[in-house]
**Student:** 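Let me give you the structure first, and then I'll get to my questions.
From a predicted model like this one, the values you see are computed outputs, not experimental measurements.
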Amino acid sequence: KAASTINLTLNGTAGNATLEKGSSINIVSTLVAPATGTVAIYENGASIGSGSSPVTIPRTYTAIGTYNITTQFAGDSNYNPSSRTYWITAQDTTPPAAVTNLNEASKGTTWIYWNWTNPGDADFSHTIVQIDGVWKANVSSPTNYYNATGLSPSASYTIQTRTADTTGNVNLNWVND
């Protein structure tokens, strides 16, 4: 029997692919030798499609992770079986939106109580709080306030906030009051 050749491309590239969580990719299996035949495509060992070459499977990756993509030709009376494997990595590099409506809700002589509206991002984790450039707390979601105490009665203070998500992405825009 002759050697068979099968190609696998991920968004047109014969190689591993990295994409942002929630993005789509086209997985294409093409039989080169023989010129025609049935191919199958697997994701982490489970079939996601098969048919006469070429086969295109569009996929959207909503979960962070690494996915094994393998295509196989089972062989026929004239050609040996063959396969090709690449990896798709879905990652999250997008920080959450910033807090909104940050304001001084109330104050006393030595304390200030600030509150805000947390972003609606599904993976929002916490708000980083600084007072006058000094880190004070990571306020975990769903909490949406910070009460600064032990303040000097005659001083003015600025609260600065940034948001972070569950994978460690930090919104680099400060929201201040």
**Student:** If we only count heavy atoms from C-beta on, is the Ile69 to Leu8 side-chain gap below 4.5 Å?
**Tutor:** yes

**Student:** Listing request: all side-chain hydrogen bond (donor to acceptor under 3.5 Å, both in side chains) pairs with a residue in residues 58-67, at least two apart in sequence or in separate chains.
**Tutor:** Ser24-Thr60, Glu43-Arg59, Glu43-Tyr61

**Student:** Taking the side chain as C-beta and beyond, is there a heavy-atom pair between Leu172 and Arg162 under 4.5 Å?
**Tutor:**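 Leu172 vs Arg162: side chains touch.
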
**Student:** For Lys136, what residues pass the salt bridge (charged side-chain N to carboxylate O under 4.0 Å, His left out) criterion, not counting sequence neighbours?
**Tutor:**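 Listed in chain order: nothing, the list is empty.
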
**Student:** Could you give me the CA-CA distance, side-chain angles and deciding distance for Leu10 and Asn16, then say whether side-chain contact (heavy atoms from CB on, under 4.5 Å) is met?
**Tutor:** CA-CA 7 Å; Leu10 306 173; Asn16 299 328; 5.7 Å; no

**Student:** How long is the span from the CG atom in Asp123 to the CG atom in Asn169, to the nearest 0.5 Å?
**Tutor:** 7.5 Å

**Student:** What donor-acceptor contacts under 3.5 angstrom involve side-chain atoms of residues 79-87, with partners at least two apart or in another chain?
**Tutor:**
{"residue": "Ser82", "atom": "OG", "partner": "Ser4", "partner atom": "OG", "Å": "2.7"}
{"residue": "Arg84", "atom": "NE", "partner": "Ile6", "partner atom": "O", "Å": "3.4"}
{"residue": "Thr85", "atom": "OG1", "partner": "Thr70", "partner atom": "OG1", "Å": "2.8"}

**Student:** Taking only residues two or more places apart in sequence, or in another chain, which ones meet Ala74 in a side chain to side chain contact (heavy atoms under 4.5 Å, CB included)?
**Tutor:**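 Not a single residue meets the side chain to side chain contact (heavy atoms under 4.5 Å, CB included) criterion with Ala74.
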
**Student:** Could you state the interatomic distance from OG1 (Thr18) to CD1 (Ile88), rounded to the nearest 0.5 Å?
**Tutor:**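 Reported value, rounded in 0.5 Å steps: 9.5 Å.
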
**Student:** Knowing that exactly one of Asn103, Val175, Leu102, Asp132 qualifies, which makes a side-chain contact (heavy atoms from CB on, under 4.5 Å) with Ile159?
**Tutor:** Leu102

**Student:** Any heavy-atom pair between the side chains of Thr163 and Ile128 that's under 4.5 Å?
**Tutor:** no

**Student:** Can you sort out the partners of Ser106 under side chain to side chain contact (heavy atoms under 4.5 Å, CB included), two or more places apart, ordered by chain and number?
**Tutor:** Trp111, Tyr113

**Student:** Trp174 and Asn171: side chain to side chain donor-acceptor pair (under 3.5 Å), yes or no, with the steps?
**Tutor:** CA-CA 8 Å; Trp174 288 104; Asn171 187 322; over 6 Å; no

**Student:** List, one per line, each side-chain donor-acceptor pair under 3.5 Å for residues 25-37, sequence neighbours excluded.
**Tutor:**
{"residue": "Ser29", "atom": "OG", "partner": "Thr71", "partner atom": "OG1", "Å": "2.5"}

**Student:** With sequence neighbours excluded, give me every ring-ring contact (aromatic ring centres under 6.0 Å, His included) pair touching residues 5-60.
**Tutor:**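 Sorted pair list comes back empty.
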
**Student:** List the atom of Glu104, the atom of Ile112, and the distance in Å for their closest heavy-atom pair.
**Tutor:**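 Nearest pair, atom of Glu104 first, then Ile112: CG-CG2, 3.5 Å.
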
**Student:** Among residues at least two apart in sequence or on other chains, which ones pass salt bridge (charged side-chain N to carboxylate O under 4.0 Å, His left out) with Asp165?
**Tutor:** none

**Student:** Under the side chain to side chain donor-acceptor pair (under 3.5 Å) rule, collect the residues that match up with Asp177, sequence neighbours excluded.
**Tutor:**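 For Asp177 the side chain to side chain donor-acceptor pair (under 3.5 Å) partners, ignoring immediate neighbours, are Trp114.
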
**Student:** Taking all non-hydrogen atoms of both residues into account, name the closest pair between Pro142 and Asn118 and its distance.
**Tutor:** O-ND2, 3.2 Å

**Student:** Check whether any side-chain heavy atom of Val55 lies under 4.5 Å from a side-chain heavy atom of Ile41, and answer yes or no.
**Tutor:**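 Yes, at least one pair of side-chain atoms sits under 4.5 Å.
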
**Student:** For Glu20, give me all partners under salt bridge (charged side-chain N to carboxylate O under 4.0 Å, His left out), at least two apart in sequence or on another chain.
**Tutor:**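 Testing Glu20 for salt bridge (charged side-chain N to carboxylate O under 4.0 Å, His left out), a comparison that skips the adjacent residues, returns none.
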
**Student:** Quick one: ring-ring contact (aromatic ring centres under 6.0 Å, His included) pairs with a partner in residues 4-40, sequence neighbours left out?
**Tutor:** none

**Student:** side-chain contact (heavy atoms from CB on, under 4.5 Å) between Asp92 and Lys21: does it pass, once the steps are laid out?
**Tutor:** CA-CA 5 Å; Asp92 177 10; Lys21 174 186 79 166; 4.1 Å; yes

**Student:** Among residues two or more places apart or on two chains, list those pairs meeting side-chain hydrogen bond (donor to acceptor under 3.5 Å, both in side chains) that have a residue in residues 141-161.
**Tutor:**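 Those involving residues 141-161 do not exist here.
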
